[in-house]
Amino acid sequence: MRTINKRILSALLAAVMLMLTLTACGKDKPDYEKLKTDIVGIWCDINGPEYFENDGNPYYQLYEFTSGGVLAYHTITPEIAQYVDVNYTLRDDFLDVDGAMCKVSVENDVLSMKNDSGTTQLRRMSMEEVCNFGVVYLDSDNYQKQLEYTDFFKTNWPGATAAETDPAAAETEAAESAEGSETAAE
């Protein structure tokens, strides 16, 4: 009888140990659903937006991951901002960008991508930086937020004129300007 009790006790102890081991392993595993939301946003080189030159013309390269699985490469020049988009998917902690795979993680607003050729680190851009570079979000979840921020940013920028902040003031200013032109012409 004692042998049976010892076997049952041993089996229970083994089951408890297995449950503790599985629970501990589960805590070490990153939350991949969280990674899917953490990666969404506009990113630049860890040291700031990357500066390039093409035939003496400066441009910057920014990267936007959308919640819909699109990675857009924004190219910003003094004249225009353009983008080229490709598809991406996340599989566990691997990022697949049109067949090119790398291990990816996001920690403290730093996106690290590691593959055979090395590690690339990007930092999340603030909404102010994004607006200053004239980037328009492709991600519909963030597009309205950017429009609201841009409006707030323009109306609260130091030195913003009444015409920029109040449409009625803009009409009055335009009318006064027109009257002044007519008077000067006479």
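Predicted, not measured: the structure shown is a model, and the values here were computed from it.
- Side chains of H74 and Q82: no donor on one and acceptor on the other come within 3.5 Å.
- Note that CD of Q61 and OG1 of T75 are 4.0 Å apart. Values are rounded to the nearest 0.5 Å.
- By the rule that hydrophobic residues join a cluster once side-chain heavy atoms approach within less than 4.5 Å of another member, V130 and V110 end up as members of separate clusters.
- A heavy-atom distance below 4.5 Å is found between the side chains of I39 and L95.
- Atom-to-atom distance recorded for I76:CD1 and L62:CG is 4.0 Å, nearest 0.5 angstrom.
- Nearest heavy-atom pair across D38 and W43 is O-CZ2, 3.5 Å.
- The local environment of CD in E53 is crowded, with over 12 non-hydrogen atoms from other residues, nucleotides or ligands closer than 6.0 Å.
- D109 and R123 are not joined by a salt bridge, as no carboxylate oxygen comes within less than 4.0 angstrom of a charged side-chain nitrogen.
- With a 4.5 Å cut-off on side-chain heavy atoms, Y63 and I42 do not count as touching.
- Y83 and Y73 have their aromatic ring centers separated by at least 6.0 angstrom.
- For R124 (side chain) and V40 (main-chain N/O), a donor-acceptor pair under 3.5 Å exists by modelled atom type.
- A distance of 9.5 Å separates OG1 of T89 from NZ of K36, quoted to the nearest 0.5 Å.
- V106 and V70 fall into different hydrophobic clusters, where Ile, Leu, Val, Met, Phe, Trp and Tyr side chains are chained together by heavy-atom contacts under 4.5 Å.
- Note: Y88 and F65 have perpendicular aromatic rings, judged against thresholds of 30 and 60 degrees for the angle between ring planes.
- Side chains of M113 and Q121 form no contact here, defined as non-hydrogen atoms less than 4.5 Å apart.
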*Derivation of the side chain to side chain contact (heavy atoms under 4.5 Å, CB included) call for L90 and V104*: CA-CA 9 Å; L90 285 171; V104 66; 3.8 Å; yes

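- Interatomic distance, I46 CD1 to L111 CG, rounded to the nearest 0.5 Å: 9.5 Å.
- In this structure, F94 CZ and L35 CG are separated by 11.5 Å, a value rounded to the nearest 0.5 Å.
- Rounded to the nearest 0.5 angstrom, K114 NZ and S117 OG are separated by 11.5 Å.
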